[in-house]
Amino acid sequence: MRLVFMGTPDFAVASLRALHEAGHDIAAVFTRMDTPKNRGMKLLPPPVKVLALEYGIPVYQPKNLRGEDTLETLRALAPDVIVVAAYGRILPQTVLDVPKYGCINVHASLLPKYRGAAPINAAILHGETEAGVTIMKMEAGLDTGDMLLPVSTAVLPNESFGSLHDRLAAIGGEAIVRALEMLARGELHPVPQRDEDATYAPMIAADDCRVSFERPAEQVACQIRAYDPAPGAFCTLGGGKIKLFAASPEEGVQGARPGAILSADKKGVVIACRTGAVRVGEVQAAGGKKMAADAFFRGHSALLQEDFA
RNA sequence: CGCGGGGUAGAGCAGUUCGGUAGCUCGUCGGGCUCAUAACCCGGAGGUCAUGUGGUUCAAAUCCCAUCCCCGCAA
């Protein structure tokens, strides 16, 4: 099957690799432009671009997909299908119409739940016990197309975003390869999404990552795990910003002042919430590296007297 | 040249303002105590203070210069 791949971040890399290793003829890879700004203004290529170049696949990084020249390029590539995985751009109808079999998306949720940009974070944030990947037929709406192949996986207890992300990326790679096999055999059966069951997972805003201990411990723990390891849920301690990682609810704590440090040892620091408490295994203060909470407080013992806020 | 914090013992930090004996908590090793322990007591080992064998100085972790590396913010 001759295809064009569109994707940008690490999640898409797994799919690109799987397709390449399955022997598909990947005529070209479309990805976003190198981000010209980082600390020190470094130009960073998207992960998908790095792998594509490694494979010797032509890479295109158009500013948008509406330009006539881009459309011409796509048509000239004559793909049977376009595979999209976290490309980060809405595909206009003109692009959707190019391939014979249309455009197929690898989406990291069990649709119709969590349409949108940050489905994996949303699954953790909402305490889901099941997550997954849905291979879907793309249409003009945002993740609204017919479902072709859903694959689910259990969310482990206290699992963080990073771990689930990597697993779903791998599952996505396997699923898209399988879906293309089924497509070739005419075995794919589109199933419409029930729009009334749909929920959205919008892009993560900086404020989403701010932790408030004036909430139940379960929610606090989910929030911390939803942004672990990146971008990192944060709060303040002793006037400084501090990120929190490796969180789990702590049993048997009640009535403590929210934000108070109840204990700190090798297993982490226990912080009181509105109801219950959370145990945080790792922290990272501004300017510092991520480290075990135990190690952090060994060098900042005065902060043990402060409250998280 | 986007803004900013940092590099000191295996880990985390203090010391740098105002140059003058290398410190703290933990780990580690040895010993003691204990029914026992991640507890407690005593003792020891372990550091070219990121690099330049750079500059200033009688003397630099500390002041000056250059370089490398790590991280937060912003995008």
Side-chain angles (χ1 to χ4, degrees), chain A residues 7-13 30-50 59 61-65 86-90 116-118 120-121 158 160-163 165 201-213 220 223-248 250-253 259-271 277-309:
Chain A
T8 302
D10 285 320
F11 180 81
V13 166
F30 280 61
T31 191
R32 301 243 286 201
M33 290 182 294
D34 294 6
T35 56
K37 288 172 188 171
N38 206 340
R39 185 194 304 130
M41 299 292 272
K42 277 176 287 194
L43 212 68
L44 288 185
V48 160
K49 178 183 181 180
V50 175
V59 172
Q61 299 176 279
K63 191 168 184 177
N64 65 65
L65 294 171
Y87 178 43
R89 284 235 145 71
I90 303 284
I120 306 175
N121 303 276
N158 296 325
S160 66
F161 162 73
S163 155
H165 167 280
M203 283 192 297
I204 298 167
D207 209 51
D208 297 336
C209 301
R210 174 177 288 282
V211 174
S212 167
F213 294 98
V220 172
Q223 183 186 14
I224 293 172
R225 291 199 302 267
Y227 306 116
D228 174 0
F234 67 92
C235 61
T236 59
L237 177 65
K241 181 173 174 176
I242 188 167
K243 291 188 178 184
L244 309 174
F245 304 94
S248 60
E250 182 73 1
E251 304 291 331
V253 177
I261 298 175
L262 302 179
S263 66
D265 56 33
K266 291 182 183 63
K267 289 181 294 187
V269 56
V270 178
I271 308 166
V278 289
R279 182 178 288 278
V280 174
E282 296 178 314
V283 301
Q284 179 177 27
K289 296 189 178 208
K290 183 194 296 187
M291 65 185 75
D294 183 44
F296 177 80
F297 285 107
R298 188 157 297 127
H300 299 87
S301 52
L303 289 177
L304 285 170
Q305 309 308 318
E306 303 283 338
D307 280 11
F308 281 88

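Throughout, protein chains are lettered first and strands after them, A, B, ... in sequence-line order, and every chain is numbered starting at 1.
- Scanning both residues, A:Pro62 and A:Tyr87, for their nearest heavy atoms gives CG-OH, 4.2 Å.
- Residue A:Phe245 comes nearest to A:Pro229 through the heavy atom pair CE2-O, 3.4 Å, listed as atom of the first residue, atom of the second, then distance.
- Between the side chain of A:Lys243 and the backbone N or O of A:Pro231 there is at least one donor-acceptor pair closer than 3.5 Å.
- The partner of B:A36 is absent, by the rule that a Watson-Crick or G-U pair needs both atom distances under 3.5 Å.
- A:Ser263 has its side chain out of reach of A:Val269: every pair of non-hydrogen atoms, C-beta onward, lies at least 4.5 Å apart.
- Between A:Val48 and A:Pro9 the shortest heavy-atom distance is CG2-O, 3.8 Å.
- Closest approach of A:Gln223 to A:Arg210, counting heavy atoms only: NE2-O, 2.9 Å.
- For B:U56, there is no paired base (Watson-Crick or G-U wobble, both distances below 3.5 Å).
- Protein atom CD of A:Gln284 is 12 Å distant from nucleotide atom C1' of B:G6, rounded to whole Å.
- For the segment residues 299-309 of chain A, the set of residues with a heavy atom within less than 4.0 Å of an atom of RNA chain B comprises A:Gly299, A:His300, in numerical order.
- Looking at A:Ile261 and A:Glu306, their side chains never come closer than 4.5 Å, going by heavy atoms from C-beta outward.
- Comparing the C1' positions of B:U21 and B:G54 gives a spacing of 26 Å, expressed to the nearest Å.
- As rounded to the nearest Å, B:C26 and B:C42 have P atoms that lie 12 Å from one another.
- Within the 4.0 angstrom heavy-atom criterion, only backbone atoms of the sugar-phosphate kind lie near A:Lys241; the bases stay farther away.
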Considering only nitrogen or oxygen atoms on both sides, find all protein atoms under 3.5 Å from nucleotides 26-28 of chain B and state each distance.
{"from": "B:C26", "atom 1": "O4'", "to": "A:Arg298", "atom 2": "NE", "distance (Å)": "3.2"}

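- Aromatic ring pairs are classed by plane angle as parallel below 30°, tilted from 30° to 60° and perpendicular above 60°; the pair A:Phe296 and A:His300 is parallel.
- By the 4.5 Å heavy-atom criterion applied to side chains, A:Val211 and A:Phe308 are not counted as neighbours.
- Spacing between B:A9 and B:A50 at atom P, rounded to whole Å, works out to 9 Å.
- In this structure B:U62 sits in no base pair that meets the Watson-Crick or G-U test at under 3.5 Å.
- Using atom P as the reference point in both B:C24 and B:G46, the two lie 16 Å apart (nearest Å).
- In this entry B:C3 has B:G72 as its Watson-Crick or G-U wobble partner, both defining distances falling under 3.5 Å.
- The CZ-C1' distance, from A:Phe296 to B:A11, rounds to 14 Å in whole Å.
- Rounded to whole Å, the P atom of B:G23 lies 14 Å from the corresponding atom of B:G47.
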Which atom pairs link the protein and nucleotides 67-70 of chain B when you take only N or O atoms and keep those under 3.5 Å?
{"from": "B:C70", "atom 1": "O2'", "to": "A:Lys289", "atom 2": "NZ", "distance (Å)": "3.2"}

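- Counting to the nearest Å, the P atom of B:G72 and the CG atom of A:Leu244 are 14 Å from each other.
- With rounding to whole Å, A:Asp207 atom CG is found 11 Å from B:A74 atom P.
- Distance CZ (A:Phe245) to P (B:C71): 12 Å, rounded to an integer number of Å.
- Taking a pair to require two hydrogen-bonding distances under 3.5 Å in either a Watson-Crick or a G-U wobble arrangement, B:A11 pairs with B:U25.
- B:C64 and B:C70: their P atoms are spaced 24 Å apart (whole Å).
- Using modelled atom types, no side-chain atom of A:Thr236 and backbone atom of A:Lys241 make a donor-acceptor pair closer than 3.5 Å.
- Among A:Lys63, A:Arg89, A:Lys49, the one residue that satisfies the side chain to side chain contact (heavy atoms under 4.5 Å, CB included) test with A:Arg32 is A:Arg89.
- Scanning both residues, A:Tyr227 and A:Cys209, for their nearest heavy atoms gives CG-SG, 3.9 Å.
- Going from the P atom of B:C13 to that of B:G72 covers 14 Å, rounded to whole Å.
- For B:G32 and B:U8, the C1' atoms lie 33 Å apart once the distance is rounded to whole Å.
- When rounded to the nearest whole Å, the span between NZ of A:Lys243 and P of B:C73 equals 4 Å.
- Pairing each heavy atom of A:Ala246 with each of A:Glu282, the nearest pair is CB-N, 4.1 Å.
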